[in-house]
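Here the structure is laid out as structure tokens; the discussion comes afterwards.
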Amino acid sequence: MPSPLAPSATDPLWWRSAVIYQIYIRSFADGNGDGVGDIAGVRSQLPYLRDLGVDAIWFTPWYPSPLADGGYDVADYRNIHPAFGDLAGAEALIQEALALGIRTIIDVVPNHISDQHEWFQAALAAGPGSPERERFWFRKGKGADGSEMPNHWVSNFQGETWTRVPDGEWYLHLFTPEQPDLNWNHPDVRREHEDVLRFWFDRGVAGVRIDSAALLIKDPALPEVPENPGPGEHPNTDRDEVHDVYRSWRAVADSYPGTRVLVGEVWMPDTKRFADYLRPDEMHTAFNFDFMARPWQAAQLRESIDSMLAAHAPVNAPSTWVLSNHDVTRPVTRYGREDSSFAFATKRFGTPTDLELGTRRARAAALLSAALPGSLYVYQGDELGLPEVDEIPLREDPMHFRSNGVDPGRDGCRVPLPWRGDAPPYGWGGTPWLPQPENWAPLTVESQQNDPTSMLSLYRAALALRRSTAALGDGDLEWIESEPDVLAFARGEDFISVTNLSDGPVGLPAHEQLLLTSEPLVDGQLPSDSTAWLRRSPITPQRKARR
Ligand code: GLC
């Protein structure tokens with residue numbers, strides 16, 4: 001039975017409240033049985049996404065790519081990787097999803113391209129001093145024979161940021177050598193990316209997720225990074241001029257009917273500088289990684305919620321709530337560890353993990369984040385409670401290799417989803433590109449879909465309630481006085497969310513109806529590490545006056 005269209009389907013402000021499901025296409029669903037996820041697989045599972053209750057899907061890069069960095073090394077921004085399908089399939093998918101009320105957001109990667117992209121190949125062929133090289137950061141080396149790197153910038157994937165080509169010049173790459181950085185001072189680079197936006201907006205995409213959005217502009221003098229760079233002083237991150245790029249992108253987006261949104265991947269500890277990206281003529285939203293990185297502690301989460309809402313308010317942008325993505329440790333694993341915060345620098349193999357505890361907390365976190373004001377991101381597989389996979393014999397992630405094997409990398413959160421059956425490949429044809437654990441039978445969609453206690457049922461119930469509760473999504477929050485280590489807040493007149501992060505059960509505030517809990521109540525109390533959603537009687541004018 002088709003479910004009703006999302007109320008957001010015709011709303012120009014849909015993005016302020018949307019639930020956006022992230023699809024890492026290689027690992028979502030396999031349509032042609034070759035062990036690699038593809039567009040056909042997504043098309044066949046659109047009813048699953050509709051029933052889950054999402055408003056939009058965001059695809060990590062699906063373009064032709066040598067996959068040196070999981071597709072973030074794009075060789076052609078206007079086509080689809082043959083392993084994932086073709087352009088006609090993508091166009092059909094966008095329309096089929098829309099017919100179910102689901103918008104499509106795609107990833108754009110402006111900071112760098114693949115070394116196999118025709119521009120970089122042309123730059124290599126044309127040689128030093130050529131106009132083709134000016135689209136990149138080619139430089140002579142230092143030292144008498146030019147054998148020293150032009151500077152000592154450190155890669156986001158550890159290690160060096162310069163690679164020397166046979167004619168002696170060096171080129172800059174903030175990630176891997178297969179991802180040369182573009183020179184955003186070059187008009188071709190700006191024009192090309194605006195054209196790419198139009199290419200996809202013309203095909204009906206509702207928005208773009210902007211990869212590494214704060215890195216585009218570099219100080220052309222390429223100086224060393226100062227010890228403590230002040231705001232805007234870092235030579236390759238968050239330079240003031242980057243905002244011009246997003247202003248012009250916003251103009252492109254705004255020239256289309258419906259609201260086409262810009263969503264930034266902006267990792268930025270300075271919340272004021274972060275919010276600058278969300279000024280009314282720039283991006284619509286950006287990922288709130290601050291909340292994602294916090295440990296499972298009430299004071300920490302509350303501080304993050306307050307500071308992120310305060311940072312968004314002056315620019316009138318909604319916050320986003322993100323528990324994970326294709327780069328970070330799965331929540332059921334992270335929350336089951338002694339240190340439940342997230343940092344790239346501290347990921348290690350063999351970290352002791354209590355998955356039962358982590359799953360319980362991830363359930364509570366799912367309800368907490370779905371109740372907070374703004375839009376919500378769900379990374380594929382989190383709705384199934386998949387853990388991070390530690391045992392992967394053949395890793396692919398350059399983060400792992402560039403750390404000399406110390407950092408496990410990101411393959412562990414990218415394992416193909418288990419759909420059905422008792423053993424790998426859980427509904428995939430052939431051998432999945434990353435091996436799935438033997439013990440995932442209880443985590444398949446098939447085994448969870450009719451179990452009211454499963455993570456999948458919890459997500460479905462939460463997203464349905466979120467959709468039918470006008471106070472959820474965009475709006476304000478009002479904290480309710482509560483016991484220590486309890487996060488209780490009201491949304492609108494009659495909705496309350498309570499998360500208990502303390503060690504014991506707590507009483508619930510007065511309410512008319514218990515809407516949903518992540519764990520059953522015990523003697524009417526909310527147990528440790530769980531969340532309850534409540535409906536209280538609407539606030540009367542008298543009660544309002546007393547507050
Ligand atoms: C972003 C992506 C990540 C990628 C990197 C380089 O952080 O999320 O997966 O490796 O950018 O493009």
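Along the sequence shown, residues are numbered consecutively beginning with 1. Both counts, for ligands and for their atoms, begin at 1 and track the order of listing.
At least one heavy atom of R410 sits closer than 4.0 Å to an atom of ligand 1.
The distance from ligand 1 to the heavy atoms of R414 drops below 4.0 Å at these ligand atoms: 9 (O). Those atoms of ligand 1 with a heavy atom of S212 less than 4.0 angstrom away are 1 (C), 11 (O). Taking every heavy atom of D327 and a limit of under 4.0 angstrom, the matching atoms of ligand 1 come to 2 (C), 3 (C), 7 (O), 8 (O), 9 (O). Near R209, with a cut-off below 4.0 Å to any heavy atom, the atoms of ligand 1 are 2 (C), 8 (O). For ligand 1, the atoms lying closer than 4.0 Å to a non-hydrogen atom of H326 are 2 (C), 3 (C), 8 (O), 9 (O). Short contacts between ligand 1 and H112, defined as distances under 4.0 Å to a heavy atom of the residue, involve ligand atoms 6 (C), 12 (O).
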Output, in order, the C-alpha distance, side-chain angles, deciding distance and verdict of side chain to side chain contact (heavy atoms under 4.5 Å, CB included) for H81 and Y63. CA-CA 5 Å; H81 193 298; Y63 312 105; over 6 Å; no
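The ring of F201 has its center no closer than 6.0 angstrom to the ring center of F199. Between F59 and W200, the distance separating the two ring centers is not shorter than 6.0 angstrom.
Of the N or O atoms in W267, none lie within a sub-3.5 Å distance of an N or O in ligand 1.
From the protein, the heavy atom lying nearest to atom 7 (O) of ligand 1 is E265 OE2, 2.7 Å.
When L174, V74, D69, N325 are checked for heavy-atom proximity to atom 4 (C) of ligand 1, D69 turns out nearest.
Neither the backbone nor the side chain of M399 comes within 4.0 Å of ligand 1, counting heavy atoms alone.
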